[in-house]
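Reading through the structure tokens given below for one structure.
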Amino acid sequence: MNSEFNTDYKKDILRLALFIGELMLSNGAETYRVEDSILRICKSRGFNHINVFTSPTVIIISDDRFDGLTFMKTIKSRSIDLNKISLLNNFSREFVSNTDLTVNDAMAKLKDIIQSSSYSSKLIYFCTGIGSAFFAGLLGGNNLATFLCTFITSIFAVILYNKIMKLSSIPAFSSLLASTFIAIVGVLLSHIGILDTPRMLIVGSIMPLLPGVSFIKGIRDLISGDLISGVARAFDAGMTAIAIACGVGLILDLWVRLGGVF
């Protein structure tokens with residue numbers, strides 16, 4: 001009976017650790033951070049022989065030294081939410097330090113973290129527009145028309161990106177369509193005379209789409225020795241960047257062929 005209790009308890013801890021790892025990875029945490037949190041959670045409850053394999057699309061937890069229990073979870077979608085990563089880090093520290101915290105209470109806390117939202121969508125879109133508009137101004141688009149057009153275009157581009165992501169879950173495809181939309185708007189505004197050139201609007205508006213954070217996380221994983229994860233993240237970021245370049249380049253090529261000036 002005691003053996004069964006220990007086995008069931010171990011399954012609960014491994015499932016809890018797997019769930020935390022899934023949440024961290026799907027919100028943009030680095031591979032080393034995910035593995036470290038999982039191992040610390042398991043060790044805090046006396047399970048010291050746990051093996052963890054993490055990549056951007058899968059997490060595997062096993063204990064092949066004793067009973068061979070193995071759990072696996074595939075990650076279908078990934079985003080970047082630094083607030084949730086911070087909350088999950090704090091939770092893992094609390095769980096490790098407080099050995100009286102039960103699995104059920106821990107799961108309840110994790111569900112609260114899932115539902116938490118630090119900023120409203122309106123505020124995020126507004127800050128996206130402001131950041132893009134000022135970036136365009138930084139590169140030379142320092143007039144009111146460029147500022148306002150970049151502000152509005154970047155917001156609609158991000159909304160379009162989010163809508164497409166809900167349908168396809170393919171970042172490169174969503175970035176391709178969003179960047180194409182940005183280039184079309186820039187070209188049309190230049191054609192009707194509102195803007196002198198679409199260059200500054202395009203450069204400013206595509207900034208929220210660029211996978212800079214994902215690329216840096218890939219480099220960080222490579223430095224940490226997580227070669228598979230690092231290469232996968234860097235390649236994913238590269239595919240997104242290529243998709244953005246293709247979307248913008250296609251429209252600008254057609255614009256130049258039709259006599260437009262870039």
For the [atom1] atom on [X], are there more than 12 heavy atoms of other groups (residues, nucleotides or ligands in this structure) within a distance under 6.0 Å?
X	atom1	answer
Phe156	CZ	no
Met239	CE	no
Phe173	CZ	no
Leu188	CG	yes
Phe215	CZ	no

Distance, nearest 0.5 Å, that separates [atom1] of [X] from [atom2] of [Y]:
X	Y	atom1	atom2	value
Leu201	Ile194	CG	CD1	10.5 Å
Ser174	Lys163	OG	NZ	13.0 Å
Arg93	Ser37	CZ	OG	8.0 Å
Leu25	Arg33	CG	CZ	12.0 Å
Leu23	Leu87	CG	CG	11.0 Å
Ile61	Glu35	CD1	CD	10.0 Å

Does the side chain of Ser205 come under 3.5 Å of the side chain of Ser154 through a donor N or O and an acceptor N or O?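 Ser154 and Ser205 do not have a side-chain donor-acceptor pair below 3.5 Å.
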For Asn83 and Ser86, does a side-chain donor sit closer than 3.5 Å to a side-chain acceptor?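 No donor-acceptor contact under 3.5 Å links the two side chains.
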State yes or no: do [X] and [Y] share one hydrophobic cluster built from I, L, V, M, F, W and Y residues joined by side-chain heavy-atom distances below 4.5 Å, directly or via other members?
X	Y	answer
Ile155	Leu195	yes
Phe19	Ile60	no
Leu139	Ile206	yes
Leu210	Leu176	no
Met24	Leu82	no

Are Asp36 and Arg40 close enough for a salt bridge, meaning some N to O gap below 4.0 Å?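 The answer is yes: the pair qualifies as a salt bridge.
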Salt bridge flag under 4.0 Å for residues Arg220 and Asp226: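 Looking at Arg220 and Asp226, the cut-off is not met.
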I would like to know whether Ile38 and Leu18 meet side chain to side chain contact (heavy atoms under 4.5 Å, CB included); could you show each step before the answer? CA-CA 7 Å; Ile38 292 174; Leu18 183 65; 5.7 Å; no
Check the pair Asp221 / Arg233 against side chain to side chain contact (heavy atoms under 4.5 Å, CB included), numbers first and verdict last. CA-CA 9 Å; Asp221 285 341; Arg233 287 180 187 269; 2.8 Å; yes
Can a donor-acceptor pair be found, under 3.5 Å and without considering hydrogens, that links the side chain of Ser44 to the backbone of Ile41?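 Judged by distance alone, yes, a pair lies under 3.5 Å.
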Fit a plane to each ring of Phe151 and Phe126, take the angle between them on a 0 to 90° scale, and name the class: parallel (under 30°), tilted (30 to 60°) or perpendicular (over 60°).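 The arrangement is perpendicular - the two ring planes meet at more than 60°.
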Any idea which heavy atoms bring [X] and [Y] closest together, and the distance?
X	Y	value
Glu22	Ile75	CG-CD1, 3.6 Å
Ile13	Cys42	CG2-CA, 4.3 Å
Ala29	Ile85	N-CD1, 3.5 Å
Ile244	Leu209	CD1-O, 3.5 Å

Is there a side chain to side chain contact (heavy atoms under 4.5 Å, CB included) between Ile59 and Phe53? Walk through the geometry before answering. CA-CA 6 Å; Ile59 301 177; Phe53 173 78; over 6 Å; no
Compute the ring centroids of Phe147 and Phe134, then answer whether they are less than 6.0 Å apart.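 Ring-ring flag for Phe147/Phe134: true, centres closer than 6.0 Å.
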Are Leu39 and Val52 side-chain neighbours, meaning at least one heavy-atom pair lies under 4.5 Å?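 Leu39 vs Val52: side chains touch.
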Measure the shortest side-chain to side-chain distance between Phe71 and Ser62 over non-hydrogen atoms and say whether it is less than 4.5 angstrom.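 Contact flag for Phe71/Ser62 side chains = no.
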Tell me, with the steps shown, if Leu88 and Ile113 meet side chain to side chain contact (heavy atoms under 4.5 Å, CB included). CA-CA 7 Å; Leu88 290 168; Ile113 293 176; 4.0 Å; yes
Under the side chain to side chain donor-acceptor pair (under 3.5 Å) test, residues paired with Asn51 that sit two or more places apart: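 By the side chain to side chain donor-acceptor pair (under 3.5 Å) rule, Asn51 matches Asp64.
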If the condition is side chain to side chain donor-acceptor pair (under 3.5 Å), which residues does Thr153 pass it with, not counting sequence neighbours?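 Residues passing side chain to side chain donor-acceptor pair (under 3.5 Å) with Thr153: none at all.
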